[in-house]
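Whatever order the structure lists ligands and atoms in, that order sets their numbers, starting from 1. The structure presented is a predicted model; accordingly, all values stated were derived computationally and were not measured.
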Amino acid sequence: MSRVEGKVALITGGASGIGLSAAALLAKEGAKVVIGDFNIEGAKEAAEAIIADGGEAAAIFLDASKEESIKAAVDFTVDQYGTLNVMFNNVGLTNLQKDLDVVNIDLEEWDRLMNVNTKSVLLGSRFAIPHMIEAGGGSIINTASMSAFAADSIRSAYGASKAAVVNLTKYIAAQYGKNNIRCNAVAPGLILTPAAKNNIPPQVLDMFEKYNALSYHGEADDIGYTVLFLASDESKFITGQTIQVEGGHYLSNPTMPDFNALMKQGK
Ligand SMILES: NC(=O)c1ccc[n+]([C@@H]2O[C@H](COP(=O)([O-])OP(=O)(O)OC[C@H]3O[C@@H](n4cnc5c(N)ncnc54)[C@H](O)[C@@H]3O)[C@@H](O)[C@H]2O)c1
């Protein structure tokens, strides 16, 4: 028996990166997967690849900034496969140009990121929960970020929006646990998705590697496998948690790499 045999999953932002990995792994382990993305061509390609591999999948246009679009994707999933057992609220945006420090942040960008990164999680859950109750339970998984826990010189809205995802995850878990609905989040550190590979200069990648406890970068499948675990009944007693998948980047005293360098110099 496969790990999520017969479960029906909707994934937002499933055409690329973390969502794409989760879609492929869930389908490989027996789930019927709906890939929602505003890159509909990418979503269709992802679904076709799953079908070519012997899995079951469908694609739908989804704009995570719009309530009616999220509802339509949930309705489509239930029409297509009869139920909804796993909701992966994964879409999230960042903007290095406009999401700045608190004095200089563009306030329209603050609203946009709060809407897409946090409200879409609320809405995806709101529309999925009645179907999950009807199905006798389900698993909601949200993509947070390590930016929820550690501050940066810019990206104030991103960090605040992801911290809200961490807390909303607890509220959903507390409110619907008695309906056999679990809700957890995954907080990725830097993950080399196509977007990250294209946008982050090599010096910055080296900097991240230096501060990881492990000596390599994270990949989309590192998050995909965590999502698979949280979607499966293997995690049936875990709820309200945010699992940090970050290579030990935030594990130690932040001065440790510099301290080690000093020790090497014999100072
Ligand atoms: N990659 C990282 O290092 C990293 C680290 C921490 C958190 N995250 C979070 O992981 C999630 C996925 O990121 P990723 O790195 O896989 O990104 P990605 O760019 O590879 O994929 C994101 C997908 O979401 C889709 N999308 C974007 N906006 C959308 C919208 N409004 N409606 C519908 N679809 C939309 C894109 O078309 C794309 O297919 C995000 O929530 C992000 O904040 C990523």
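Between the side chain of D63 and the backbone N or O of F38, no donor-acceptor pair lies under 3.5 Å. Checking side-chain atoms of D101 against main-chain N and O of S153 turns up no donor-acceptor pair under 3.5 Å.
An N or O contact shorter than 3.5 Å is missing between A196 and ligand 1 by distance. The N/O atoms of F38, backbone and side chain alike, include one that comes under 3.5 Å of an N/O atom in ligand 1.
Side-chain contact between I243 and T226 is present, with heavy atoms from C-beta onward closer than 4.5 Å.
Shown in contact with G17 at under 4.0 Å from a heavy atom are these atoms of ligand 1, numbered in order with element: 16 (O), 20 (O). Those atoms of ligand 1 that come under 4.0 Å of a heavy atom in L190, given as number and element, are 3 (O). Set against the non-hydrogen atoms of I18, the atoms of ligand 1 under 4.0 Å away are 10 (O), 16 (O), 44 (C). Interface of T143 with ligand 1, defined as ligand atoms under 4.0 Å from a residue heavy atom, comprises 9 (C), 10 (O), 11 (C), 41 (O). Below 4.0 Å from some heavy atom of I191 lie the following atoms of ligand 1, by number and element: 1 (N), 2 (C), 3 (O). Atoms of ligand 1 found under 4.0 Å from any heavy atom of A144 (numbered from 1 in listed order, with element): 7 (C). Close approach to G13 involves these atoms of ligand 1, each under 4.0 Å from a residue heavy atom: 23 (C), 24 (O), 25 (C).
Residue I154 forms a side chain to side chain contact (heavy atoms under 4.5 Å, CB included) with just one option from N95, D99, L100, and that option is L100.
Nearest protein heavy-atom contact of atom 40 (C) of ligand 1 is N90 O, 3.3 Å. For atom 32 (N) of ligand 1, the nearest non-hydrogen atom of the protein is A64 N, 2.8 Å. Here the heavy atom of the protein found nearest to atom 18 (P) of ligand 1 is S16 OG, 3.6 Å. In terms of protein heavy-atom proximity, atom 43 (O) of ligand 1 is closest to Y158 OH, 2.6 Å. Nearest protein neighbour of atom 15 (O) of ligand 1, counting heavy atoms only, is T193 OG1, 3.0 Å. Protein heavy atom closest to atom 19 (O) of ligand 1, with residue, atom name and distance, is A195 CB, 3.5 Å.
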- So E109 and R112, salt bridge (charged side-chain N to carboxylate O under 4.0 Å, His left out) or not? Walk me through it. CA-CA 5 Å; E109 196 59 16; R112 193 172 80 97; 3.0 Å; yes
| request: Just do the side-chain hydrogen bond (donor to acceptor under 3.5 Å, both in side chains) check on T169 and N142 with the steps written out, would you? | output: CA-CA 7 Å; T169 297; N142 304 321; 3.0 Å; yes
Would you check, one step at a time, whether the test side-chain contact (heavy atoms from CB on, under 4.5 Å) holds for I200 with M207? CA-CA 11 Å; I200 301 178; M207 198 194 302; over 6 Å; no
**OP:** Before giving the answer on side-chain hydrogen bond (donor to acceptor under 3.5 Å, both in side chains), spell out for D221 and S21 the whole-Å C-alpha distance, their side-chain angles and the decisive distance to 0.1 Å.
**Re:** CA-CA 6 Å; D221 280 357; S21 162; 2.6 Å; yes
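Assignment of K162 to the shell around ligand 1 is supported, since a heavy atom sits closer than 4.0 Å. Within the 4.0 Å heavy-atom cutoff, S147 does not count among the residues contacting ligand 1.
Remark: aromatic rings of F208 and H217 are distant, center separation not under 6.0 Å.
Applying the 6.0 Å contact sphere to CD of E134 captures no more than 12 heavy atoms from other residues, nucleotides or ligands.
Among S21, A187, G224, P188, the residue whose heavy atom lies closest to atom 6 (C) of ligand 1 is P188. Summarising the contacts of atom 39 (O) of ligand 1 with N39, L62, V186, D37, the nearest heavy atom is found in D37. Scanning S145, G189, G14 for the heavy atom closest to atom 5 (C) of ligand 1 points to G189.
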